Colleague: 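My questions all concern the structure below.
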Number of protein chains: 2
Amino acid sequence: MRMSTKAQYAVRAMVNLNLYSDGSPVTLRDISLRESISLTYLEQLFVKLRRGDIVKSVRGPGGGYLLARPAKEIQVDEIIDSVEESLVPVSCMDQKRGCVCDDRCVTHNVWHGLAERIRDFLSSITLEELTLEAKGMPGKSKTNS
Amino acid sequence: MRMSTKAQYAVRAMVNLNLYSDGSPVTLRDISLRESISLTYLEQLFVKLRRGDIVKSVRGPGGGYLLARPAKEIQVDEIIDSVEESLVPVSCMDQKRGCVCDDRCVTHNVWHGLAERIRDFLSSITLEELTLEAKGMPGKSKTNS
DNA sequence: ATAATAATTGACAGTTTTAGTCGGGTATGT
DNA sequence: ACATACCCGACTAAAACTGTCAATTATTAT
Ligand code: FES
Ligand code: FES
């Protein structure tokens, strides 16, 4: 039951991007240096984040990445979805309309309920909240405990 | 973010064990046949379940496994813990007293909060509830939705 | 005692997933 | 033209997962 480092990196990179964004594009090289994540690996992640409508890219010199939407409208679960990390704990209920639970699935409700809790929690946190928290000014949110 | 099949098997096996238990020990061979899980793999799991004080073993002919405690006192998270599947989504906060969050961990609260939700949910479900549900008589519990 | 039963244990191998690299391409501003 | 920076797919090494095998020990029935 581990969140892959891919997902962890994606969230960290997004917070960092938002933190150092002043309206002009932020390069992956900067994020790479600040977060100690391999540049080529970051590129891989940002291709997916762009496709997931989390960021948009600006090519050429002076280019880089910008948020595709206001930070307030970007939820953590969307970031993780974008880099193709499933948030569902069992493979049988991946994307299809519920899993084909014939009869022998006594544990179905356990995994289904768990998936729901995970999704609910991660969708309740926005990139803006994380960024404010990183700045040392906790917003109105209550992330844990 | 996947629950390993090891953990899934362990929970299924425990429900099955409790379901067909009439006071005398249940053999792994029976569980193996009913749940279509390799006997040798089950053996591996039950060694750990015994160490985790979930079941107790009776050796020799007529032997098998029994619950170490009443089903009402066995929670799903304990079963998963026993087979050594971590319920914490990030490795840095594995068992030690919180992780060494120096300064650059802007996502700490996300994973910590997530771990808490997962633990809370799985500890709220007992083996007894699952067994009753499997019998088609939902207890007083509300597992999901 | 002896044989049959069933748990116990450690080592091992095949497969899949993860994490990350590499090499080349494409668009754009100066 | 040229440097910058994104874009993309193939590739690989390492780890984890899933499961098997062989050998042993403890207990009970005969
Ligand atoms: S088929 Fe997915 S839990 Fe039953
Ligand atoms: S060290 Fe674990 S989240 Fe910071």
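The structure presented is a predicted model; accordingly, all values stated were derived computationally and were not measured. Proteins come first, then strands; the chains are lettered A, B, ... in the order of their sequence lines, and each starts at number 1.
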Colleague: Using the test salt bridge (charged side-chain N to carboxylate O under 4.0 Å, His left out), find all partners of B:Arg2 that sit at least two apart in sequence or belong to another chain.
Modeller: A:Asp94

Colleague: How does each nucleotide of nucleotides 7-20 of chain C score, in 5' to 3' order, for protein heavy atoms under 4.0 Å: base (B), sugar-phosphate only (S), or none (-)?
Modeller: BBB---------SB

Colleague: According to side chain to side chain contact (heavy atoms under 4.5 Å, CB included), who are the partners of A:Ala10, at least two apart in sequence or on a separate chain?
Modeller: A:Ile79, A:Val83

Colleague: Does any pair with a residue in residues 47-57 of chain A pass salt bridge (charged side-chain N to carboxylate O under 4.0 Å, His left out), and if so which ones, sequence neighbours excluded?
Modeller: A:Lys48-A:Glu84, A:Asp53-A:Arg69

Colleague: Could you name each residue pair satisfying ring-ring contact (aromatic ring centres under 6.0 Å, His included) that touches residues 45-83 of chain B, not counting sequence neighbours?
Modeller: B:Phe46-B:Tyr65

Colleague: Report the hydrophobic cluster partners of A:Leu66, with the cluster defined as I, L, V, M, F, W, Y residues connected by side-chain heavy atoms closer than 4.5 angstrom, directly or transitively.
Modeller: A:Val58

Colleague: Chain B on DNA chain D: first and last contacting nucleotide, 5' to 3', under 4.0 Å to a heavy atom?
Modeller: D:dT18 to D:dT28

Colleague: What pairs of donor and acceptor atoms, side-chain ones from residues 13-29 of chain A against any protein atom, are under 3.5 angstrom apart with sequence neighbours left out?
Modeller:
| unit_1 | atom_1 | unit_2 | atom_2 | d |
| --- | --- | --- | --- | --- |
| A:Asn16 | OD1 | A:Arg34 | NE | 2.8 |
| A:Asn16 | OD1 | A:Arg34 | NH2 | 3.1 |
| A:Asn16 | ND2 | A:Glu35 | OE2 | 2.9 |
| A:Asn18 | OD1 | A:Thr131 | OG1 | 2.9 |
| A:Asp22 | OD1 | A:Ser24 | N | 3.3 |
| A:Asp22 | OD1 | A:Ser24 | OG | 2.8 |
| A:Thr27 | OG1 | A:Asp30 | N | 3.2 |
| A:Thr27 | OG1 | A:Asp30 | OD2 | 3.4 |

Colleague: Tell me, please, which residues at least two apart from B:Ser38 pass side chain to side chain contact (heavy atoms under 4.5 Å, CB included).
Modeller: B:Thr40, B:Tyr41

